[in-house]
Every structure is written in structure tokens, then in C-alpha cells.
Q: 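Pasting a structure below so you can have a look.
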Amino acid sequence: MNFSEFSFWWVLLLVSVPFFAVRYGCKSLGYWPDKLDSVGLAVLSLVLFVNADKTSFAVFAFEIVFNYLMVKWMLGREGKQAQWIATALIVFDVAVLAYFKYLTFFVEDVIGLAGGVSPDWQAGFPLPIFQSIPPGVSFYTFQMVAFVVDSLKARRKRPIKFLDYVNFVAFFPQIVAGPIERRGSLLPQIQGFKFKFTAANFDLGLRWLSLGLFMKLVLGDNLFPFIQDLSPVADNAWLVWFNAFLFTLRIYFDFAGYSFMAVGIARVLGIRLTVNFLAPYTSQSINEFWRRWHVSLSTWFRDYVFLPLMGKRKSWAPFYLFLTFTLSGFWHGAAWNFLIWGAYHGALLLLLRYAGRPFSRAMGKYVKRPQIVSWAMTFGAVVLGCLFFMETNIGLLMTKLTTLVTPGAYSLGNLVGAFGQFSANELVALGWVMVLAGAFLLLEHVAVWQERPEYDLLLHPWVSRSLLGLTIVLSANIPSEFIYFEF
């Protein structure tokens, strides 16, 4: 579901307006069972998914039915039997994800590197039926896997109604790009669901929606053309850094913008979703950054990968931490640059834990490092990591990295040439976007410094109205697709 496309809102209105009109009339006459709210939510979610991608919906529908039946079977068993059923179901879900997302990469890149592969390799492999990754497959697969594990661990293994399971997995605001919700947080809200159209829900929901639309349409989408234009440049260190910096801003505004729109739409319906970002660019360490960035995915890998892998072998924690982050990089995409990006962040965390902290404690006896220095070092490390994330062409990535470590690439001539890369109109356009982005991030920093909720100032009613007005006036002429739809 692309919240920035007119077709999404058109289909949403086309389905919801008649439904809520009938609901209102029937409730006025006393002929509306509460269960029909759950049915209406499920129908709305599934219709919106069909509209987004019909072929993907067929795969998704099969997975819903299969997972529900397997979980129901698992809940009816005890001990080892239940564990084996859970294991088989998790393997199946991950295999479906791997088939659509990683088959081509594995055959062409991994096997190709190992010993080559014939041009007609496709004849021997059941290729995915999609030209691109099915929408939402990475997110709803992880949500299904978490549901299996949490259901297995549940103390009271009550049977789950099929309608509740459909609404849990298919809830339309978050199915395509998260947040990845847990059984304990979302299922209780879904069971016996009733639409809660209150003034408070509408007010806060629309403020989150306004915040997300501004981040996506004004900040993220207006930065996108500059990033595209600079991407091929690999011989000017100033421009390589600047391009990575712009991408660092865009990926946050784009992805957090989607997440906040999902939070807003869900809140209007009476559902509270996880706030998936917590002002990550205010972080003063990489460890803090990963507590604030893509919260639902970070905690998912912690709870379902890192901790089970480590078990009681705490002496192996560094290895499993590095492995977990490498795997999280691979989750983002079937390409070597994502593996490098995951390994890079895993290595940074290990460096911080086993070298940075002892060094900081030792130096702290003599001099205290200013917070702004900690922030600058953290943000610089994130920007460098975004270079790995954004550049899928490994050859070009290596050229850019070589440029960054070449002193001559930082010449005054290259700096002047960097300014000459843009026309006067482009400099003006980029300038006002950067001013708005800077003001936005400053409000986040102030909120964190004052120990308020991270987006408290940005959700203030008057700020929210201002953001909505700016979105109407300054939205990009050509919206770009949400970055995380590719994953």
C-alpha cells in the first residue's frame, strides 16, 4: 500500500465510505453485531492488498491459510511435537521468503563466484513468478515467524480465531513496510475488534499522518533527484560524501515517514502501532542508534536470531552479534553491498563494546568528550554506512571508497567543482530543502535534550498544521516510491 499514491486513497474511500454508511445506519437501528467490525477490517485490508498487487495477494492468501492451520495444529500439541511443528512452519515461511528474494542472487552470484554458471541455468531452476519482490513479503514473513514463536511460548495456548489471525497479519497500514508487530502488542487489539472513532484518535492520528506526509513528500522526495544525479560521481570525495549524506537524510525521512503514516491511519481506526523510529539521528553512539532506528526490526533480530543463537554461550556473544547484523544486512536485499553494510555495523558495535568503552572510561578520568563530538562521530559513521547501503554496484562502491581514502580527492579544485555540479536553481531548491530538514532535525534534538517524547514538538497541533500546509505547497512534483518497498 503506497500512501503517497492517489490510487490507495481512492480505493480506501471507495470501499470504506459505503461500508461505514451502512454500519452507521445499522447501528442506529440496533442491527449491527460487533463482529462485523472485524469482518469489515479484514475485507478492507484484503481489498487494498489485491489492489496493490493481485499476484502477490494469491501467495499471501495461501500463506495466511497455511500458517493459521499449522499454528492451530501446534497449539493442540505439547512438548516436542509442538516444537517440531513450529520449526517446520518457520522453515516453510523462511523458504518462501528466500525463494522470492534470494534465489536469483544465490544462483547468479554465489554459485557463479564458486565455479561459474551456464547461461541457460534458468532451465534447471523454478524461477520466481515475480519480476520484483512481492510487496510486503519480508515484513509479513517476519511477523508470521514471530507469531509462531510467541504462540509456542504462550503460557495459555488458547485457540485463535481465523478472522483475528487475518486481521493480525493483513492489517493494511503496516503490512507492506512494517512496523513488524508482535502477538502480545497487536493481537489483543485485534481480538474482538471494534472501530474506535473518537475525537482524540482522529486528532492524534491525523497529526501522525501529517508528520509522515511531510517527511516523505516534502523532504524525502525532494532530495531524491539530487541523489540520483550524484550517484554516478565517484572521483570527487566531496560529492561522494555529500551524496551519502543526502541519502542518509532521505532514507530516514522516507522510511520513518511511511511508518508514521501507518501509525496515524491505524490510530484513526483505534489501533496503536509501534513507533518504529525514535529520532535516530540524535544518537551519540552506534549502540544508541540501533535502539532508535527501525525499532521493530532491531528487536526482532535481537529476540528471534541473536538470543536464540547465543543461548547460554555468552562467551560467543561477539560472534553471534556480528553474525546477526550481517544477516540483518542480507534481509535488506539480495546483494553484496547489503551484506557489507550489515557486517560494517556489526563490526562498529563490537569495536564500541570491546575497544571504545574501555578507552572512553580511561580517557574520562582526564577529559570529558563533549556530547556534540559523540554525536558527530556517530552520525559520520552512519553516513559512511549509508554509502554501502545505497550503492548496489560493487565496482562503483569500491571506486568511491578508494576516492574517500585518497588525499588528492579532497583538493580545493574538487570542492569548487562540487558546487559547479548544480545550477543556480538547483542550489536554491536544495538549499530550502536542507533548511527544512535542518529545522526538522533540530526539533527532534530539542525534544530529546528536554527529555520529552522524540516527536513531541513535531506533533504539536500548530506545528502539525504548519507541516500539512507546507506539504500541500512544497510536495515534490514527481513522488518516488518508498525505499523499503524494495525489501
Q: Taking C-beta and beyond as the side chain, do Leu75 and Ser151 meet within less than 4.5 Å on heavy atoms?
A: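 They are in side-chain contact.
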Q: Give me the atom names and distance for the closest heavy-atom approach of Arg250 to Leu223.
A: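 Nearest pair, atom of Arg250 first, then Leu223: N-CD1, 4.1 Å.
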Q: Kindly say whether the aromatic ring centers of Phe162 and Tyr68 come within a distance under 6.0 Å.
A: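 Phe162 vs Tyr68: aromatic centres under 6.0 Å.
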Q: Less than 4.5 Å apart, side chain to side chain, heavy atoms only: is that true for Leu246 and Met434?
A: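 Touching, per the 4.5 Å side-chain cut-off.
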Q: Is there a side-chain contact between Asn167 and Ser38 in this structure, where contact means two heavy atoms from C-beta onward sitting under 4.5 Å apart?
A: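 In short, these two side chains touch, coming nearer than 4.5 Å.
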Q: Are Phe66 and Leu89 side-chain neighbours, meaning at least one heavy-atom pair lies under 4.5 Å?
A: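 Yes. Closest side-chain heavy atoms under 4.5 Å.
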Q: To the nearest 0.5 Å, tell me how far Phe62 CZ sits from Asn67 CG.
A: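 Here the interatomic distance stands at 9.0 Å.
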Q: Is the distance between the ring centroids of Phe147 and Phe168 less than 6.0 Å?
A: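 Ring-ring flag for Phe147/Phe168: true, centres closer than 6.0 Å.
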Q: Quick check: Phe306 with Phe301 (ring centres under 6.0 Å apart)?
A: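 Distance test on ring centres: not under 6.0 Å, no.
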Q: Could you please spell out the steps behind the side chain to side chain contact (heavy atoms under 4.5 Å, CB included) verdict for Val305 and Trp300?
A: CA-CA 8 Å; Val305 179; Trp300 192 98; 3.7 Å; yes
Q: How far apart are the closest heavy atoms of Leu217 and Asn222, and which atoms are they?
A: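 Taking Leu217 first and Asn222 second, the nearest heavy atoms are O-ND2, 3.7 Å.
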Q: When you measure from the side chain of Ser210 to the backbone N and O of Arg207, does any donor-acceptor pair fall under 3.5 Å?
A: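 Between the backbone of Arg207 and the side chain of Ser210 there is no qualifying donor-acceptor contact (under 3.5 Å).
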Q: For Arg302, does the CZ atom sit with more than 12 other heavy atoms under 6.0 Å from it, leaving out its own atoms?
A: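 Yes, enclosed.
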Q: Tell me the closest heavy-atom pair linking Leu297 and His332, and the distance in Å.
A: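 So the two residues come closest at CD2-CE1, 3.8 Å.
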Q: State which residue, out of Asp254, Leu441, Leu436, Leu249, fulfils the side chain to side chain contact (heavy atoms under 4.5 Å, CB included) condition with Leu219.
A: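 Option passing the side chain to side chain contact (heavy atoms under 4.5 Å, CB included) with Leu219: Leu436.
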Q: Step through it carefully: locate the ring centre of Tyr304, locate the ring centre of Phe142, and say whether they are under 6.0 Å apart.
A: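 No, too far apart.
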Q: Drop me the distance from Phe92's CZ to Glu63's CD, to the nearest 0.5 angstrom.
A: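 It comes to 5.5 Å.
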Q: To the nearest 0.5 angstrom, please state how far the CG atom of Asp229 sits from the CG atom of Asn243.
A: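 Output value for this atom pair is 9.5 Å.
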Q: Write down the atom of Pro280, the atom of Tyr252, and the distance for their closest heavy-atom approach.
A: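 For Pro280 and Tyr252, the tightest heavy-atom pair comes out as CD-CE1, 3.6 Å.
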Q: Could you grab the distance from atom CD of Glu288 to atom CZ of Arg292, nearest 0.5 Å is fine?
A: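 Glu288 CD to Arg292 CZ: 4.5 Å, rounded to 0.5 Å.
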Q: Going by heavy atoms in the side chains, are Ser138 and Leu97 under 4.5 Å from each other?
A: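 Ser138 reaches Leu97 side chain to side chain.
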Q: Sub-3.5 Å donor-acceptor pair from the side chain of Gln189 to the main-chain atoms of Arg272, do we have one?
A: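 Present.
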Q: Please determine which of Leu211, Leu209, Leu273 meets the side chain to side chain contact (heavy atoms under 4.5 Å, CB included) test together with Phe260.
A: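 That would be Leu211; it is the only one of Leu211, Leu209, Leu273 passing the side chain to side chain contact (heavy atoms under 4.5 Å, CB included) with Phe260.
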Q: Would you check if the distance from the ring center of Phe388 to the ring center of Tyr344 is below 6.0 Å?
A: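 Centroid separation for Phe388 and Tyr344: below 6.0 Å.
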Q: Is NZ or CZ of Lys101 both nearer than 6.0 Å to the six-membered ring centre of Trp331 and within 45° of the ring axis?
A: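 Output yes; distance and angle both within limits.
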Q: What's the separation between atom CG in Leu351 and atom CD1 in Ile286, rounded to the nearest 0.5 Å?
A: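 With rounding to 0.5 Å, CG (Leu351) is 10.0 Å from CD1 (Ile286).
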Q: Is there a donor-acceptor pair closer than 3.5 Å between any side-chain N or O of Gln228 and the backbone N or O of Phe224?
A: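 Not confirmed, Gln228 side chain does not pair with Phe224 backbone.
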Q: Hey, does Ile90 have a side-chain heavy atom less than 4.5 Å from the side chain of Val149?
A: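 They are in side-chain contact.
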Q: Against Phe389, only a single residue in Phe338, Phe255, Trp336, Trp293 fulfils ring pair (Phe, Tyr, Trp, His ring centres under 6.0 Å); can you say which?
A: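 Considering Phe338, Phe255, Trp336, Trp293, a ring pair (Phe, Tyr, Trp, His ring centres under 6.0 Å) with Phe389 is found only for Phe338.
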Q: Look at atom CD of Gln450 and say whether more than 12 heavy atoms of other residues, nucleotides or ligands are closer to it than 6.0 Å.
A: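 Yes - once you tally the heavy atoms of other residues, nucleotides and ligands closer than 6.0 Å, there are more than 12.
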Q: With side chains defined as the heavy atoms from C-beta onward, is the minimum distance between Leu269 and Phe171 less than 4.5 Å?
A: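 SC-SC contact between Leu269 and Phe171 confirmed.
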Q: For the atom pair OG (Ser298) and CZ (Phe325), what is the distance rounded to the nearest 0.5 Å?
A: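 Separation between the atoms: 6.5 Å.
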Q: Carefully, step by step, assess Arg182 and Asp303 under the rule salt bridge (charged side-chain N to carboxylate O under 4.0 Å, His left out).
A: CA-CA 11 Å; Arg182 305 290 185 88; Asp303 295 340; 3.0 Å; yes
Q: Under 6.0 Å between ring centres: does that hold for Trp449 and His445?
A: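 No, they do not, as the ring centres are separated by 6.0 Å or more.
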Q: For the residue pair Ser296 and Glu181, confirm or rule out a side-chain donor-acceptor distance under 3.5 Å.
A: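 Not at all, the side chains of Ser296 and Glu181 share no donor-acceptor pair under 3.5 Å.
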Q: Heavy atoms only: give me the nearest Ile160-Val71 pair and the separation to one decimal.
A: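 Reported closest heavy-atom pair: CD1-CG1, 4.4 Å.
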Q: Taking the six-membered ring for Trp and the full ring for Phe, Tyr or His, determine whether the centres of Tyr281 and Trp375 are under 6.0 Å apart.
A: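 No - the distance between ring centres of Tyr281 and Trp375 does not fall below the 6.0 Å cut-off.
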Q: Provide the closest heavy-atom pair for Asn201 versus Arg267 in the form atom of the first, atom of the second, distance.
A: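 Closest approach of Asn201 to Arg267: OD1-NE, 3.1 Å.
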Q: Less than 4.5 Å apart, any side-chain heavy atom of Gln143 and any of Gln174?
A: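 Side chain of Gln143 against side chain of Gln174, heavy atoms only: contact under 4.5 Å found.
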